[in-house]
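A quick write-up on the structure given underneath.
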Amino acid sequence: MNLLKRIYSILLKEYGFQGWWPVTPVNYCSGSETAPIYGIATKNDKQRLEIIFGAVLTQNTQWKPNVERAIIELNRLNLIGINQILKVKHEILAQAIKSSGYFNQKAKKLKNVAEFLKKYPIKKLRKMDLWESRKLLLNINGIGPETADSILLYALDKQIFVIDAYTRRIFANLGVIKPEAAYDEVQKLFMDNLEHNHRIFKEYHALIVEHAKRHYSKKPYGKNDLLLKAFA
DNA sequence: AACCAGGACGTGA
DNA sequence: TCACGTCATGGT
């Protein structure tokens, strides 16, 4: 078994199933304050849209409590919808997502995404070729590589590996990659060495984030990393 | 009370 | 291409 696959097994055993991406359950009734929950297997298009919005809102921001509150608020105001987002005034939207930070930028980004989804609906994107849909997403102002790949993997169930700052930190610390390695290069490494299974891709990325939160958020990075001991 | 979080964009060199 | 400033809330 290769190194990346072994690391996945170690992290899964250590932290257990993460069940990303958290989504608001379907039987949510308006007015209550149901937080998005982990481990949801099947999603409808509204839930997929919520994931897409969440991917934007969580840019450089903690999910809990900042983004979680914003998602709850969007649901409360019945704004998880393409037309709703396009219709709502900027000030109202920015206010609704205030807790996620960068609310002015992110309000615009949500509108950009909604505008895009009118031309390329979720159903159409899901049928489209992976790299073609990725290119389209990257053309949206406000969607970079990580957000695009999060959308492709978690909202559209496509088989692509998400790279983030944590991934770089951990695997550079292990000597697997160079710290300055480009996004696409790191992504290729993972995708060349792992089975192309979206469930594994989802879970692996979530486990990386969990591991990084514990050992790679404050310096010195990777001080008590069990992975270092495992491969010393 | 600084520091950081599941980034991306605009700018100037 | 690439380094650098900017965007902003909430928890530690």
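The sequence lines fix the lettering, A, B, ..., with proteins before strands; numbering per chain opens at 1.
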Report task. Describe the nucleic acid contact of A:Ile97 in one word from base, sugar-phosphate, nothing, applying a heavy-atom distance below 4.0 Å. Result -> nothing

Requested in this report: Just grab all the salt bridge (charged side-chain N to carboxylate O under 4.0 Å, His left out) pairs involving residues 182-191 of chain A, residues at least two apart or on different chains.
Outcome: A:Arg134-A:Asp184, A:Lys188-A:Asp192

Query raised in the report: Do any pairs count as a salt bridge (charged side-chain N to carboxylate O under 4.0 Å, His left out) and have a residue in residues 212-229 of chain A, sequence neighbours left out, and if so which ones?
Result: A:Glu210-A:Arg214

Report task. Select base, sugar-phosphate, or nothing to describe what A:Arg168 touches, counting heavy atoms under 4.0 Å on all strands. Result -> nothing

Detail all sub-3.5 Å separations between protein N/O atoms and N/O atoms belonging to nucleotides 10-13 of chain B.
from   : atom 1 : to       : atom 2 : distance (Å)
B:dG10 : OP1    : A:Asn141 : ND2    : 3.1

Query raised in the report: So what does A:Ile143 hit on the nucleic acid, given a heavy-atom distance under 4.0 Å: a base, only sugar-phosphate, or nothing?
Result: sugar-phosphate

**Report entry** 5′-ward residue of the pair A:Tyr183/A:Lys219 relative to DNA chain B
**Finding:** A:Lys219

Query raised in the report: Taking the six-membered ring where the residue is Trp, are the ring centres of A:His211 and A:Tyr15 under 6.0 Å apart?
Result: yes

Query raised in the report: So A:Tyr154 and A:His205, would you call those rings parallel, tilted or perpendicular, with 30° and 60° as cut-offs?
Result: tilted

Report task. State which residues pass ring pair (Phe, Tyr, Trp, His ring centres under 6.0 Å) with A:His198; sequence neighbours excluded, sorted by chain then number. Result -> none

**Report entry** Face-on cation placement of A:Arg169 at A:Tyr216 ring, 6.0 Å and 45° thresholds
**Finding:** no

Query - Contact boundaries on DNA chain C for chain A, cut-off under 4.0 Å to non-hydrogen atoms - result: C:dC7 to C:dG11

Counting only pairs under 3.5 Å, give me each side-chain donor-acceptor contact of residues 118-129 of chain A, with atom names and distances, residues two or more places apart or in other chains.
from     : atom 1 : to       : atom 2 : distance (Å)
A:Lys123 : NZ     : A:Asp45  : OD2    : 2.8
A:Asp129 : OD2    : A:Trp131 : N      : 3.1
A:Asp129 : OD2    : A:Glu132 : N      : 3.0

Query raised in the report: Can you check whether A:Phe190 and A:Phe171 have ring centres sitting under 6.0 Å from each other?
Result: yes

